[in-house]
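Shown below is the structure under consideration.
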Amino acid sequence: MSTLAERHQLILLRLKEEGNVNVLELCRDLKVSSVTIRKDLKLLEDKNLLFRTHGGATAGNPYTSDRHVSEKEKLHADEKTEIGAVAAELIEPNDCVIIGSGTTVLSLARNIKPKGNLTVITAALNVATELNQHPEIEVLVLGGMLRKSSSSATGVYAERALDDFACSKLFIGVDGIDLEFGLTTTHVEEARLNRKMMATAQKTIVLADSSKFGRRGFGRICALDEIVQIITDSGISDHMRKSLMDMGIEVTIVA
């Protein structure tokens with residue numbers, strides 16, 4: 001049987017490598033009971049070395065909080081710029097796309113160089129303002145209740161408007177990407193609108209810097225098997241990247 005110190009060392013090493021641990025897997029690998037592992041996780045959490053979750057633990061706090069878009073824009077700014085530039089290359093001549101809200105998709109809007117005419121549907125005022133300067137881009141802005149922290153519309157009016165359209169791609173930003181819980185945002189109405197956007201588009205492409213992985217927001221958007229591609233940066237763990245690819249998701253990592 002492994003000692004307390006050996007178990008804690010393995011748990012922390014696995015957290016460093018994979019970002020999360022699972023109680024049942026630790027029981028199997030360390031050949032101890034689930035009661036022992038849960039006590040270990042509690043001791044490590046008391047030392048602020050991890051955060052316990054249902055069935056395991058994560059290296060960082062898995063729950064995200066709502067922040068104003070001006071604050072979020074300063075976080076991981078270089079990574080978001082690179083992600084936006086790579087995503088912009090996926091837009092085709094005479095395309096019709098939906099762009100969600102958030103600072104990473106705003107970087108996409110700033111990098112778009114239209115090839116022919118382009119139609120963009122968005123609920124985000126900052127995205128619409130950015131794209132309005134291009135004569136080749138037609139911008140359709142969804143209306144509804146304005147969410148002050150993100151400067152984007154949400155609600156039933158925005159959702160109903162999408163019934164009249166069909167688009168090739170949806171580009172969305174998220175607050176959390178969790179292997180079990182899926183894609184999330186901190187606002188439940190925004191999660192509902194994102195689901196409606198997904199139904200309007202042929203495929204969904206997620207733009208998210210690596211800090212979003214292993215985290216959960218309050219509002220669940222969808223399961224991971226409902227998206228086709230994630231564009232992120234090199235901070236993503238090998239374990240997370242492989243798990244996503246095993247689900248059939250294309251993972252694009254920017255330089």
Side-chain angles (χ1 to χ4, degrees), residues 66-175 185-187 189-209 212 221 229 231 252 254:
D66 195 14
R67 297 178 178 179
H68 194 276
V69 65
S70 61
E71 180 184 352
K72 293 167 70 174
E73 192 171 2
K74 300 172 185 176
L75 303 173
H76 311 284
D78 292 340
E79 291 87 347
K80 290 175 181 177
T81 298
E82 293 297 327
I83 291 168
V86 170
E89 296 175 2
L90 300 178
I91 294 178
E92 301 172 295
N94 305 311
D95 216 345
C96 180
V97 303
I98 307 174
I99 298 180
S101 64
T103 53
T104 311
V105 294
L106 178 59
S107 292
L108 160 64
R110 289 170 174 165
N111 279 279
I112 291 176
K113 299 177 178 60
K115 309 176 185 101
N117 294 321
L118 171 65
T119 301
V120 175
I121 299 174
T122 186
L125 296 186
N126 51 6
V127 170
T129 301
E130 183 69 35
L131 296 178
N132 193 49
Q133 63 183 300
H134 294 283
E136 305 93 339
I137 301 179
E138 289 188 350
V139 183
L140 192 155
V141 183
L142 300 175
M145 187 66 69
L146 193 64
R147 182 184 168 204
K148 290 181 172 58
S149 62
S150 64
S151 295
S152 61
T154 60
V156 65
Y157 299 110
E159 294 169 25
R160 286 176 182 171
L162 290 168
D163 289 334
D164 295 331
F165 306 108
C167 299
S168 66
K169 307 173 191 74
L170 163 64
F171 297 93
I172 60 169
V174 297
D175 292 313
T185 180
T186 56
H187 194 268
E189 290 296 321
E190 188 170 287
R192 282 173 51 93
L193 180 58
N194 283 336
R195 286 199 294 271
K196 186 69 174 182
M197 289 177 170
M198 291 179 65
T200 306
Q202 291 180 338
K203 61 181 180 180
T204 299
I205 301 165
V206 177
L207 313 185
D209 68 78
K212 305 296 174 60
I221 300 171
Q229 185 176 3
I231 304 177
T252 302
V254 302

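In this text the structure is predicted, and so the values were computed from the model without any measurement.
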Residues in salt bridge (Lys or Arg N to Asp or Glu O under 4.0 Å) contact with Asp164, at least two apart in sequence or another chain:
none
Taking side chain as C-beta onward, heavy atoms only, is Val206 less than 4.5 Å from Lys212?
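Counting from C-beta outward, Val206 and Lys212 never come under 4.5 Å.
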Heavy atoms, side chains only, cut-off 4.5 Å: are Ile121 and Thr200 in contact?
no
Rounded to the nearest 0.5 angstrom, the OG1-CG distance for Thr204 and Asn194 is 9.0 Å
Heavy-atom check, side chain of Thr154 versus side chain of His187, under 4.5 Å:
yes
If you look at every heavy atom in Ile221 and Met198, which pair is closest and at what distance?
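Taking Ile221 first and Met198 second, the nearest heavy atoms are CG2-SD, 4.0 Å.
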Give the intermediate values and the outcome of side chain to side chain contact (heavy atoms under 4.5 Å, CB included) for residues Glu189 and Met145.
CA-CA 10 Å; Glu189 290 296 321; Met145 187 66 69; over 6 Å; no
Work out which heavy atom in Pro114 is nearest to a heavy atom in Ile112; give both atom names and the distance.
CD-O, 3.7 Å
Under 3.5 Å, which donor-acceptor pairs do the side chains of residues 137-144 form with other protein atoms, sequence neighbours left out?
none

For Gln133 and Glu130, indicate whether the former's side chain and the latter's backbone hold a donor-acceptor pair under 3.5 Å.
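Yes; at least one donor-acceptor contact below 3.5 Å.
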Stepwise side chain to side chain contact (heavy atoms under 4.5 Å, CB included) test for Leu162 and Leu193:
CA-CA 9 Å; Leu162 290 168; Leu193 180 58; 3.9 Å; yes
Check Val174 against Ala208 and note the closest heavy-atom contact, atom names and distance.
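Reported closest heavy-atom pair: CG2-CB, 4.2 Å.
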Residue pair Ala109 / Leu131: nearest heavy atoms and the distance that separates them:
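Heavy-atom minimum between the residues: O-CD2, 3.6 Å.
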Gap separating the CZ atom of Arg110 from the CG atom of Asn126, nearest 0.5 angstrom
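Rounded to the nearest 0.5 Å, the CZ-CG separation comes to 7.5 Å.
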Say you draw a straight line from OG1 of Thr252 to CG of Leu207; how long is it, rounded to the nearest 0.5 Å?
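Result: 10.0 Å between the selected atoms.
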Determine whether Asp209 and Ile83 make a side-chain contact, defined as any pair of heavy atoms from C-beta on separated by less than 4.5 Å.
yes
Distance-only check: which donor-acceptor pairs under 3.5 Å involve side-chain atoms of residues 85-99, not counting sequence neighbours?
residue, atom, partner, partner atom, Å
Glu92, OE1, Lys169, NZ, 3.1
Asn94, OD1, Asn117, N, 3.1
Asp95, OD1, Ser168, OG, 2.6
Asp95, OD2, Glu92, N, 3.1
Asp95, OD2, Lys169, NZ, 2.6

Determine the minimum heavy-atom distance between Leu146 and Ala153, stating which atoms define it.
CD1-N, 4.1 Å
Between CD of Gln229 and CZ of Phe171, what distance do you get to the nearest 0.5 Å?
8.0 Å
Per the salt bridge (Lys or Arg N to Asp or Glu O under 4.0 Å) rule, which among Arg192, Arg195, Lys196 passes with Glu159?
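That would be Arg192; it is the only one of Arg192, Arg195, Lys196 passing the salt bridge (Lys or Arg N to Asp or Glu O under 4.0 Å) with Glu159.
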Got a second to check how far Leu170's CG is from Thr122's OG1, nearest 0.5 Å?
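If I round to the nearest 0.5 Å, the distance is 10.0 Å.
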Is it true that, when you exclude Lys203 itself, more than 12 heavy atoms of the residues, nucleotides or ligands shown sit nearer than 6.0 Å to its NZ?
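Open: at most 12 neighbouring heavy atoms sit under 6.0 Å from NZ of Lys203.
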Which heavy atom in Glu136 sits nearest to a heavy atom in Gly116, and how many Å separate them?
CB-O, 3.8 Å
